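Remember, predicted model here, so these are calculated numbers, not experimental data.
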Amino acid sequence: MPNWGGGNKCGACGRTVYHAEEVQCDGRSFHRCCFLCMVCRKNLDSTTVAIHDAEVYCKSCYGKKYGPKGYGYGQGAGTLNMDRGERLGIKPESTPSPHRPTTSPNTSKFAQKFGGAEKCSRCGDSVYAAEKVIGAGKPWHKNCFRCAKCGKSLESTTLTEKEGEIYCKGCYAKNFGPKGFGYG
């Protein structure tokens, strides 16, 4: 409500907000300079604001604090972030046991329909369609699709396989090719 000689009170600082500097959000008034994310303090506008219990956040911080958790909920393709959300009041989960590689893919109806439940032959984590490469008849992450000896990135044309492991042609020849005079 307007006061005598002034405007509404700012939802952030509590001081009077005059019309020329007013931003309205969720029925409250803010100074343009006070309309900031509660966490990262970025300036907000109608396209970047997210509200939770009368607190204003940018969409990124809101998603980190209140959005879904778990694998696949990054902020865009190829996201790798070590932020566990402690500054947002999120308690870190206990450290999971290390994954062990598996050779038996999950072929449930859900996995067949939506993909992603197959396990990478190198690291054992779930392989989703956007990052999946098939080599030697098995699923791999693009980043795991590397020579077992030298770590060189592989393609279907440079791949050789022995006993369930993949190698570049050079390492395969050195380690499993013919031995003796005249050979490498």
Side-chain angles (χ1 to χ4, degrees), residues 37 39-45 47-50 57-184:
C37 174
V39 176
C40 69
R41 311 300 292 165
K42 285 183 189 170
N43 285 316
L44 300 172
D45 63 36
T47 62
T48 60
V49 70
Y57 299 93
C58 68
K59 289 186 177 182
S60 178
C61 290
Y62 178 87
K64 288 176 188 171
K65 189 165 184 174
Y66 299 108
K69 306 290 185 277
Y71 186 81
Y73 291 103
Q75 297 292 317
T79 296
L80 177 62
N81 190 340
M82 299 307 289
D83 181 4
R84 294 194 179 136
E86 287 94 350
R87 64 191 174 96
L88 301 175
I90 300 169
K91 293 182 175 72
E93 297 175 15
S94 62
T95 307
S97 61
H99 292 285
R100 292 188 176 84
T102 180
T103 55
S104 58
N106 179 351
T107 55
S108 69
K109 292 276 186 205
F110 182 84
Q112 290 171 0
K113 184 170 182 180
F114 297 105
E118 291 182 296
K119 303 295 182 186
C120 175
S121 299
R122 173 79 26 90
C123 70
D125 286 341
S126 293
V127 181
Y128 294 90
E131 59 187 356
K132 183 171 158 181
V133 177
I134 299 290
K138 295 190 268 179
W140 307 79
H141 291 110
K142 287 177 184 174
N143 288 338
C144 293
F145 197 58
R146 300 180 171 278
C147 175
K149 290 286 183 186
C150 70
K152 183 177 172 183
S153 185
L154 298 172
E155 296 175 8
S156 60
T157 58
T158 61
L159 162 76
T160 53
E161 183 263 336
K162 181 165 175 89
E163 297 173 0
E165 195 53 80
I166 55 175
Y167 302 91
C168 67
K169 290 188 176 189
C171 288
Y172 183 88
K174 283 182 204 169
N175 292 284
F176 307 110
K179 306 283 187 261
F181 182 76
Y183 292 103

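- Proximity of P139 to I134: side-chain heavy atoms (C-beta onward) are separated by under 4.5 Å at one or more points.
- With hydrogens and angles disregarded, a donor-acceptor distance shorter than 3.5 Å links the side chain of H141 to the backbone of S126.
- Contacts of E165 classified as salt bridge (Lys or Arg N to Asp or Glu O under 4.0 Å), with partners at least two apart in sequence or in another chain: R122.
- Rounded to the nearest 0.5 Å, atoms CG (L159) and OH (Y172) are 11.0 Å apart.
- Minimum interatomic distance between K119 and G124 (heavy atoms only, all atoms of both residues): CD-O, 3.4 Å.
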Inset, instruction - Please lay out, stage by stage, how I166 and W140 fare under the test side chain to side chain contact (heavy atoms under 4.5 Å, CB included). - result: CA-CA 11 Å; I166 55 175; W140 307 79; 3.7 Å; yes

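- Among residues at least two apart or in separate chains, there is no salt bridge (Lys or Arg N to Asp or Glu O under 4.0 Å) pair with a member in residues 146-163.
- A distance of 8.0 Å separates CG of N143 from OG of S153, quoted to the nearest 0.5 Å.
- When all heavy atoms are compared, the tightest approach of C58 to A50 is O-CB, 4.5 Å.
- Note on ring orientation: taking the six-membered ring where Trp is involved, the planes of F176 and Y167 are perpendicular (angle over 60°, cut-offs 30° and 60°).
- The aromatic rings of Y57 and Y66 stand perpendicular to each other, their planes meeting at an angle above 60°, with 30° marking the opposite boundary.
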